[in-house]
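In what follows, every heavy atom counts, from backbone to side chain, and hydrogens, waters and symmetry copies are set aside. Each chain gets a letter, A, B and so on, in the order the sequences are listed, and its residues count up from 1.
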2 protein chains.
Amino acid sequence: MYAPSEAARRSGFSLDTLRYYEKIGLLSGVGRTSGGRRVFTDDDLGWLVLFRCLRDTGMPIAQMCRYAELAREGEHTAAERKALLEEHAARVEEQMRLLQRQYDHLREKIRYYETVTGPAEATALP
Amino acid sequence: MYAPSEAARRSGFSLDTLRYYEKIGLLSGVGRTSGGRRVFTDDDLGWLVLFRCLRDTGMPIAQMCRYAELAREGEHTAAERKALLEEHAARVEEQMRLLQRQYDHLREKIRYYETVTGPAEATALP
DNA sequence: GCTTGACCTGGAGCGCGCTCCAGGTTGAAG
DNA sequence: CTTCAACCTGGAGCGCGCTCCAGGTCAAGC
C-alpha cells in the first residue's frame, strides 16, 4: 500500500502523470481511502514499472492502453498480449540499431574535430 | 545541386520540414533559382545529414540551432562545437544504456509469457 | 481545535516538432 | 501555347504527452 507520492517516487512518474494515466483508463482500479485519496498496491506498482519500461522504449500510450485492456479482458488474451510485446521488441531492436549507427556517426564527427583542433585549422564544416 | 524533392529524398526529411528548418534559421543560405525555387548544394546536404544524425539521437532543435549558429560564426568556435557534440554523445550513451536495460526487461517479460502459454495458465499479470 | 502539507477533481494550457492549407507561381513536356 | 506537377509563402493547426491551475478536502502533528 503506497501513498501517491510514494508511488510516484517508486515508478518515476509524476503525480500528475499517475492521475493522467488513471484518467485515460491506462491504469484502472486504483483504490481509495475513505477520504478519496488514492492507494496504490504492489500490483499497481507492477503495472507502473511495466509502463515505465514501455514508455522508455518508445511505445505510444495508445498501445499501452490496448495492452492494459487486453489484460483486463482475461487470460485468453495472453497470446495477443505477447504478440504485441514481441512486435514492440522488434521495433525497439530497430531503434537500437539506428541509435548505434547514428552514435557512431556522431563519434566520427567528434574524432574529426580532434584532427582539426590543432593550431592552423581549416574548415567551415557541417 | 538538388531540387527540393531530391534533397528531401536524400535527407529523409519532408519538404515541409526542410522549409521549416530554413524558416527557423537552422538551415541558412539555401540558394534559389531565378524563379524563387530552392536549390540545395552538397554542402546543404551535408548539413541535413548531420541534422538527421542529431535528431535521430534525440537532440532538441534548439541545440542544433546553437550548433549551426556557432558554425556560422567561424572556425574559432570549433572547440565549443566539439564540446557540444561531446556532451550530446554522453547523453546518447546514457540513453543507449537505458534503452538496453528496458529492452532486457521487455524480453524477460516475453519469456515469462512463454512459460505461461501452455495449457493451464494462471496469471492476471501486468 | 488549528495548522499545514499532501491530496482531490475538472479542465485549460503548453512545448515540441512538425504538417497542412490556401492561394498563387514556375517551368519542363507535349 | 497549354497543361500540370512541382514548387512558393505566410500562417494556422495538430498530435502527443504531459503539466499546471483553481478551488476545495483530508488527516497527522502540535
Side-chain angles (χ1 to χ4, degrees), chain A residues 1-41 44-45 47-48 50-68 88 91 95 98-99 102, chain B residues 1-41 44-45 47-48 50-69 88 91 95 98 102:
Chain A
M1 298 304 204
Y2 309 98
S5 57
E6 182 65 11
R9 205 186 54 74
R10 295 201 184 215
S11 66
F13 291 114
S14 75
L15 279 174
D16 267 320
T17 300
L18 294 183
R19 291 195 268 258
Y20 169 68
Y21 281 0
E22 201 181 339
K23 182 151 51 179
I24 63 174
L26 178 54
L27 202 55
S28 73
V30 178
R32 301 294 154 113
T33 66
S34 56
R37 293 172 176 213
R38 266 165 266 262
V39 180
F40 293 85
T41 63
D44 295 327
L45 255 286
W47 277 101
L48 290 175
L50 176 61
F51 294 153
R52 179 88 275 164
C53 167
L54 298 177
R55 286 300 295 130
D56 284 350
T57 50
M59 183 184 280
I61 283 184
Q63 225 163 110
M64 303 201 308
C65 283
R66 171 91 183 120
Y67 180 89
H88 179 59
R91 278 188 296 272
Q95 186 190 342
L98 174 61
L99 192 54
Q102 297 291 38
Chain B
M1 298 305 206
Y2 309 99
S5 58
E6 183 64 12
R9 204 186 55 75
R10 295 202 183 214
S11 65
F13 291 114
S14 74
L15 278 173
D16 267 320
T17 299
L18 294 183
R19 291 195 269 255
Y20 169 69
Y21 281 180
E22 201 181 340
K23 181 150 51 180
I24 63 174
L26 178 55
L27 202 57
S28 73
V30 177
R32 302 295 155 112
T33 65
S34 56
R37 295 174 173 211
R38 265 166 266 263
V39 180
F40 293 84
T41 63
D44 296 326
L45 254 288
W47 276 101
L48 290 176
L50 176 60
F51 293 154
R52 179 85 277 164
C53 167
L54 298 177
R55 287 298 296 129
D56 283 350
T57 51
M59 183 183 280
I61 283 183
Q63 225 165 106
M64 302 200 309
C65 284
R66 171 91 182 119
Y67 180 91
E69 201 182 331
H88 178 60
R91 278 188 297 272
Q95 185 190 342
L98 174 61
Q102 297 292 37

Within a strict 4.5 Å, meaning less than it, do heavy atoms of the B:Pro4 and B:Leu18 side chains meet? no

Determine whether A:Ile61 and A:Arg55 make a side-chain contact, defined as any pair of heavy atoms from C-beta on separated by less than 4.5 Å. yes

Within the 4.0 Å heavy-atom criterion, would you say B:Ala62 contacts the bases, only the backbone, or no part of the nucleic acid? nothing

Whole angstrom value for the distance that separates [atom2] of [N] from [atom1] of [X]:
X	N	atom1	atom2	answer
A:Met59	D:dC18	CE	P	14 Å
A:Arg37	D:dC26	CZ	P	8 Å
B:Asp56	C:dC18	CG	C1'	15 Å

Residues of residues 15-33 of chain B with a heavy atom under 4.0 Å from any atom of DNA chain C, listed by number, are B:Asp16, B:Thr17, B:Tyr20, B:Tyr21, B:Thr33

Start at the 5' end of DNA chain D and walk down; is the nucleotide closest to B:Gly36 or to A:Arg55 reached first? B:Gly36

Is there a side-chain polar atom (N or O) of B:Ser14 under 4.0 Å from OP1 or OP2 of C:dC18? no

Separation between CG of A:Leu99 and OG1 of B:Thr57, rounded to the nearest 0.5 Å: 7.0 Å

Does A:Arg10 reach the main-chain N or O of A:Leu45 with its side chain, forming a donor-acceptor pair under 3.5 Å? no

Please check: side-chain N/O of B:Asp44 versus main-chain N/O of B:Thr41, any donor-acceptor pairing under 3.5 Å? yes

Minimal heavy-atom distance between B:Phe13 and B:Leu48, with the atoms involved, is CE1-O, 3.5 Å

